[in-house]
Amino acid sequence: MEMKATREAYGKALIEIGKNEKVVVLDADLSGSTKSADFKKVYPERFFNMGIAESSMVGTAAGMALSGLKPYASSFAVFVTGRAFEPIRQSICYQNLDVVLCGSHSGISVGEDGGSHQSVADIALMRSLPNMKVVVPCDYNEAFLAVKASLEIEGPLYIRTSRAKSPILTSIDDKFELGKAKILKEGSDTAIVACGMMSYIALEAAKLLEKEGISVAVVNSPSIKPLDEETIFTLSKNVSKIFTLEEHSVIGGLGGAVSEFLSENNPVAIHKIGLEDVFGESGTKDDLFCKYGFTKESVAERIKKKLG
Amino acid sequence: MSDIESLEQIAKEVRRDILVMLNKSGSGHSGGSLSVTDILVALYFGKIMNYDPHNPEDEERDRLVLSKGHACPALYAVLSKAGYFERDLLWSLRKLGSPLQGHPDSKKLPGIDAATGSLGNGISQAVGMALAAKVLKKKYKVFCIVGDGEMDEGLVYEALNVAGHYKLSNLIVIVDNNGLQIDGKCSDVMNIYPLKDKFDAFNFKTFEIGGHNYKSLLDTLTTAKRNVLKPSAIIARTVKGMGVSFMANKVEYHGVAPSDDELKRALEELK
């Protein structure tokens, strides 16, 4: 299977949408890592390095949006959402500005840098702000299409990308639609709703379970806010338990969004698989995935246990 | 009446409106609204800013970002006088459904170029507007008023750094240097001085003037507008509560509206 990182798609898509002269790109001294440097190579006059100052980057982006530009501002997920939370709230969300924030190196798959650089709460932070929309693409193609589509999306948008390469499971000919989830695999016994590179793990775990006679539906839900309520609701009608899977805390992320929606509309049991209210640590991505339960085997095991 | 006398007359009327607004709302920031009044009157009525109240979204307009958003009663009174909206709207300040929010909201009121309130965020947005003008090849200026207490916030210095780095000569930062913040004197709460040295170090062209002296205000703002090499900073020494004797230099009036009796006495002084 072809492997590529979603952050690579951010850089490539920026070049494409850069044809629009309103597009400006800002970074906080991590442009080589977030891949916004790809844009800089093609459109240096519309790229602005803000230095290691995420709050300033976000505030500046707000002022640019107020002046008719379409800013894209990126840094590591943990910094752009955490350090800049206040200007995101006051300057971007409060004024409902057309600013796209991209948080790369999300989750624990950033690896060796350790817990200080791993974002376990960025989805929760961004999802809680009025007007903010949150997208977590599952692979390179989906990330590319999401960034391209973001040009037309009004209001603030947070796109979460990853450092690590992950398998490509969607097609570049697909269409990205905000608020839409996709069924990757049908199943009748239970279902997994996943996002980011966990959608691939969900598929693989479902295959393992299939061998043991458990039929698992897998839904890729890149749009966490707005959530594809219709698809989730239909899914919940067909199974008695739903699992969510994300490289994020079990508090406030995709699992939180699905729980909040279903608890009011069709309260089936929901089991959230993610980081159990803990920080990550240094290690290779694979070692970390083993330790924190993000391998296909450990996901399959947990599902089997819960199904009883 | 000379130009300066007529500005002083406008300022008197603005101060009266501020006090009535605050009294009617029963809450709000008196001291800082009165200290910033002359700066705003100079900008809007001293032929400094290019604006059209009938076309508040005009892309070519000069921008005003009141980074010390809590002083918005002064801005509201000035905007209404400049023709952005009816004066009667002033009396709805801070009331449910009013476009005159407790801190300025660009989505609710014409003439508000940026929503502010949480300190330090306005100047960062102003920097973005100034940088955008360079991308869009527009000639507008961005005026940003920050409070001296606000200069405790780290984001202010990040914004100054960007302005100096990108040589945003279209940015004019004005410090309403009234010397007081909620918990006391700026020099006691968190010493921000020396201000001029700080701005100079951030590659600003810095001016120090009396913030209630219209000749100084107009001359310096005009000079700053002509600056083509660097951003400008104007440190305007002001008096918190200016114009009302019992409010002047009193930190107690930072976030307190005048009572009916105080309003009566204040309006008497501002006749």
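Quick note on labels: first sequence line is chain A, next is B, and so on, each numbered from 1. Hydrogens, waters and symmetry mates play no part in the numbers below; they use all other heavy atoms, side chains included.
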Heavy-atom count check: over 12 atoms from other residues, nucleotides or ligands less than 6.0 Å from [X] [atom1]?
{"X": "Glu154(A)", "atom1": "CD", "answer": "no"}
{"X": "Phe279(A)", "atom1": "CZ", "answer": "no"}
{"X": "Lys70(A)", "atom1": "NZ", "answer": "yes"}
{"X": "Arg83(A)", "atom1": "CZ", "answer": "no"}
{"X": "Lys95(B)", "atom1": "NZ", "answer": "yes"}
{"X": "Ile172(A)", "atom1": "CD1", "answer": "yes"}
{"X": "Lys138(B)", "atom1": "NZ", "answer": "yes"}

| request: Return the minimal non-hydrogen interatomic distance between Ala132(B) and Leu69(A), and the atom names on each side. | output: CB-CD1, 3.6 Å
| Heavy-atom pairs under 4.5 Å with chain B, option from Val58(A), Asn96(A), Asn49(A) with the top count | Asn49(A)
| query | Between Gln90(A), Met64(A), Glu21(A), Met57(A), which shows the greatest number of heavy-atom pairs under 4.5 Å with chain B? | reply |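 Top count of heavy-atom pairs under 4.5 Å with chain B: Gln90(A).
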| request: Kindly say whether Ala62(A) contributes a backbone atom to a donor-acceptor pair with the side chain of Gln125(B) at under 3.5 angstrom? | output: no
Non-hydrogen side-chain atoms of [X] and [Y] separated by less than 4.5 Å:
{"X": "His165(B)", "Y": "Phe48(A)", "result": "no"}
{"X": "Met50(A)", "Y": "Val127(B)", "result": "no"}
{"X": "Ser106(B)", "Y": "Tyr94(A)", "result": "no"}
{"X": "Leu155(B)", "Y": "Ser56(A)", "result": "yes"}

Side chain, backbone, both or neither: which part of [X] has a heavy atom under 4.5 Å from chain A?
{"X": "Tyr166(B)", "answer": "side chain"}
{"X": "Ala126(B)", "answer": "neither"}
{"X": "Asn161(B)", "answer": "neither"}

| Partner chain A: residue of Asp113(B), Val162(B), Val142(B), Thr116(B) with the largest heavy-atom pair count (under 4.5 Å) |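 Top count of heavy-atom pairs under 4.5 Å with chain A: Thr116(B).
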In Å and rounded to the nearest 0.5 Å, what is the [atom1] to [atom2] distance from [X] to [Y]?
{"X": "Thr60(A)", "Y": "Ile123(B)", "atom1": "OG1", "atom2": "CD1", "result": "10.0 Å"}
{"X": "Leu136(B)", "Y": "Lys22(A)", "atom1": "CG", "atom2": "NZ", "result": "5.5 Å"}
{"X": "Glu158(B)", "Y": "Glu54(A)", "atom1": "CD", "atom2": "CD", "result": "7.5 Å"}
{"X": "Ser67(A)", "Y": "Glu59(B)", "atom1": "OG", "atom2": "CD", "result": "9.5 Å"}

| said: Would you say Ser118(B) and Glu86(A) are linked by a side-chain donor-acceptor pair, where the criterion is simply a distance under 3.5 Å? | reply: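 Side-chain D/A pair, Glu86(A) to Ser118(B): present.
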| request: Tell me, for Ala61(A) versus chain B, whether the close heavy atoms (under 4.5 Å) come from the side chain, the backbone, both or neither. | output: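 It is neither, since no heavy atom gets under 4.5 Å.
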